[in-house]
There are 2 protein chains.
Amino acid sequence: MAMATLAQHQHSPDDTIHGHGLRMTGQRRAVYDVLMGERNHPTAVEVFTKVRGQVPNISLATVYNCLETLTDCGLVKIVTHERGPSRYCPNLEDHAHFFCDSCGEVSDLPLRARKRPQDVWEVPENITISHHQVAFRGECPKCAKKKNLKSEARNLKSK
Amino acid sequence: MAMATLAQHQHSPDDTIHGHGLRMTGQRRAVYDVLMGERNHPTAVEVFTKVRGQVPNISLATVYNCLETLTDCGLVKIVTHERGPSRYCPNLEDHAHFFCDSCGEVSDLPLRARKRPQDVWEVPENITISHHQVAFRGECPKCAKKKNLKSEARNLKSK
DNA sequence: AACTTAAATAGGAATTGTTCTTGATAAGGG
DNA sequence: CCCTTATCAAGAACAATTCCTATTTAAGTT
Ligand SMILES: [Mn+2]
Ligand SMILES: [Mn+2]
Ligand SMILES: [Zn+2]
Ligand SMILES: [Zn+2]
């Protein structure tokens, strides 16, 4: 597993991959394009299904390999949540994730300017933080609206 | 999966379990005691190994069942980190976790008074948050010290 | 105390998501 | 074009967890 470097300052994903002594193959490009296209935080299997449209006989293991390579090169981030399958995110900014419990949607929550997680949790100053991972769970606006409509309908009927 | 209720205000774990229409069996008590004893965030297998001292022929599936029951009753929390095995925590206060990359130690980081995660990440006000999960990774003080001693020794030798 | 009924357990099989292995294929530099 | 090495497809293996089922246990009820 190679160290992830500052990919966002390179000019192209190709350069970034080359910078790691690796090649930008058709499979890697296709996987990367799927992630850049759909910014839904797809799982490996979802990427696999989508990418088959471009590279019809790519294997699932190759999709996993490509995702690992892209992650190691710092072009995408892996997102884990509870015991669900890993998801992949091409947003390289520092951000947290929101997971809707009712529809499963995953979305990005940007870090506020000049704020650090350490402002909220007591981190002893003799420990060194290299990463943080933050997940919120709840109900997205779409699902909340849907639920409201349902309860309105129920009220009408009961009258 | 039953809804977790406010276990910390009950008087005993037995009451809490009874409150959910369940029984405090020998296996459940033993699992709970292991968690309360070692506050290291053990995995299911680690709990299994420890609890066998008390209940010699408990099965791993039962340990999983007990852990799930205790979690559902709100007596313990499940802690996931990347793709590692789930760990279990009897600290019911709102807290984050720190994972040492070099020794694997897991420790609790309390929420600061009057702070909320929403202060650090932009959460659209039309989304409802029910839970948050926060993990920090880095190097613990013990490991940092160990590393320093090593590099000192190296310097001495190279002179 | 015996009877009844439902909950809980042990043990093993099954499932899920991911990683590993291996032989074949494809790139890129000389 | 050839050589070397990276990459790939396919399927086996793996780790963690969940599911299944026959048996045991506990709580209530006579
Ligand atoms: Mn994201
Ligand atoms: Mn904890
Ligand atoms: Zn939703
Ligand atoms: Zn450490």
Side-chain angles (χ1 to χ4, degrees), chain A residues 1-2 13-32 34 41-49 51-52 54-73 75-88 104 106, chain B residues 1-2 13-32 34 41-49 51-52 54-73 75-88 104 106:
Chain A
M1 219 181 263
D14 297 52
D15 290 345
T16 305
I17 288 204
H18 291 149
H20 284 254
L22 302 171
R23 304 172 194 155
M24 178 55 96
T25 63
Q27 287 87 339
R28 285 174 183 163
R29 148 110 323 120
V31 166
Y32 183 67
V34 164
H41 303 86
T43 64
V45 170
E46 287 164 354
V47 172
F48 176 59
T49 306
V51 90
R52 284 221 135 182
Q54 304 303 312
V55 187
N57 46 12
I58 193 172
S59 75
L60 179 56
T62 296
V63 170
Y64 272 106
N65 284 336
C66 292
L67 289 168
E68 189 184 11
T69 301
L70 294 171
T71 304
D72 289 348
C73 292
L75 288 168
V76 307
K77 287 178 175 176
I78 186 166
V79 178
T80 58
H81 183 57
E82 292 168 10
R83 300 220 60 81
S86 300
R87 299 177 169 273
Y88 297 86
V106 183
Chain B
M1 224 182 260
D14 296 53
D15 291 346
T16 306
I17 288 203
H18 291 148
H20 285 254
L22 303 172
R23 305 172 194 153
M24 178 55 96
T25 63
Q27 287 88 338
R28 284 173 183 164
R29 148 107 328 116
V31 166
Y32 183 67
V34 164
H41 303 85
T43 63
V45 170
E46 288 165 352
V47 171
F48 176 59
T49 307
V51 91
R52 284 220 135 183
Q54 304 302 312
V55 188
N57 47 12
I58 193 172
S59 74
L60 179 57
T62 297
V63 170
Y64 272 105
N65 284 336
C66 292
L67 289 169
E68 188 183 11
T69 301
L70 294 171
T71 304
D72 290 349
C73 292
L75 289 167
V76 306
K77 288 178 176 176
I78 186 166
V79 178
T80 57
H81 182 59
E82 293 169 7
R83 301 220 60 82
S86 299
R87 299 176 168 273
Y88 297 85
V106 184

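Throughout, protein chains are lettered first and strands after them, A, B, ... in sequence-line order, and every chain is numbered starting at 1. Just so it is clear, the values below take in all heavy atoms, side chains as well, and ignore hydrogens, waters and symmetry mates.
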Residues at least two apart in sequence or cross-chain that pass side chain to side chain contact (heavy atoms under 4.5 Å, CB included) with B:T69, listed by chain then number, are B:L22, B:R28, B:C73
Would you please test A:T80 and B:T80 for side chain to side chain contact (heavy atoms under 4.5 Å, CB included) and show each step? CA-CA 9 Å; A:T80 58; B:T80 57; over 6 Å; no
Which pair of non-hydrogen atoms, one from B:R87 and one from B:V106, has the smallest distance, and what is that distance? CD-CG2, 4.0 Å
Heavy-atom distance under 4.5 Å between the side chains of A:R23 and A:I17, does that happen here? no
At their closest point, which heavy atom of B:H41 faces which heavy atom of B:E46, and how far apart are they? O-OE1, 4.4 Å
So does B:R83 get a side-chain nitrogen or oxygen closer than 4.0 Å to the phosphate oxygens (OP1/OP2) of C:dT18? yes
Rounded interatomic separation in angstrom, taking CG from A:L67 and P from C:dT19: 10 Å
What is the distance, to the nearest angstrom, from the NE2 atom on B:H18 to the P atom on D:dA26? 12 Å
A:E68 CD to D:dT7 P, in whole Å, measures 12 Å
Would you classify B:N57 as touching base, sugar-phosphate or nothing, given that sugar-phosphate means primed atoms plus P, OP1 and OP2, and contacts are heavy atoms under 4.0 Å? sugar-phosphate
Which heavy atom of A:V76 sits nearest to which heavy atom of A:L67, and what is that distance? CG2-O, 4.4 Å
Closest approach to the side chain of B:R52, judged atom by atom: which nucleotide of D:dT17, C:dC20, C:dG11 is it? C:dG11
Closest non-hydrogen contact found for A:Y88 with A:A44 is CE1-N, 4.1 Å
Nearest heavy atoms of A:D72 and A:H20, plus distance in Å: O-CE1, 3.7 Å
Is B:Y64 near enough to D:dT18 that one of its side-chain N or O atoms lies under 4.0 angstrom from OP1 or OP2? no
Measure from CD1 on A:I78 to P on C:dT19 and round the result to the nearest Å. 7 Å
B:F48 CZ to D:dA16 C1', straight-line distance once rounded to whole Å: 14 Å
Rounded to whole Å, the CZ-C1' distance (B:R87 to D:dT17) equals 15 Å
Just the rounded figure in Å: distance from P of C:dA13 to CG of B:L60. 15 Å
Let me know, please, whether B:T62 or A:G26 comes out on the 5' side of the other along DNA chain C by nearest nucleotide. B:T62
Stem ranges of DNA chain D by first residue number, counting only runs of at least 3 Watson-Crick or G-U pairs under 3.5 Å, come to C:1-30 with D:1-30
Integer-rounded Å distance: D:dG11 P and A:N65 CG: 16 Å
Does atom CD (A:Q54) have a neighbourhood of more than 12 heavy atoms from anything else shown, all under 6.0 Å? no
Considering all heavy atoms, the nearest B:T43-B:P85 contact: CG2-CG, 3.9 Å
Presence of B:S59 side-chain N/O under 4.0 Å of C:dT9 phosphate oxygens OP1/OP2: no
Please produce a list of atom pairs where a protein N or O lies less than 3.5 Å from an N or O of nucleotides 2-8 of chain C.
unit_1	atom_1	unit_2	atom_2	d
C:dA7	O4'	B:R23	NH2	2.9
C:dA8	OP1	B:R23	N	3.2
C:dA8	OP1	B:R28	NH1	2.7
C:dA8	OP1	B:R28	NH2	3.4

Regarding A:S86, tell me which of base, sugar-phosphate or nothing describes its non-hydrogen contacts under 4.0 Å with the strands shown. sugar-phosphate
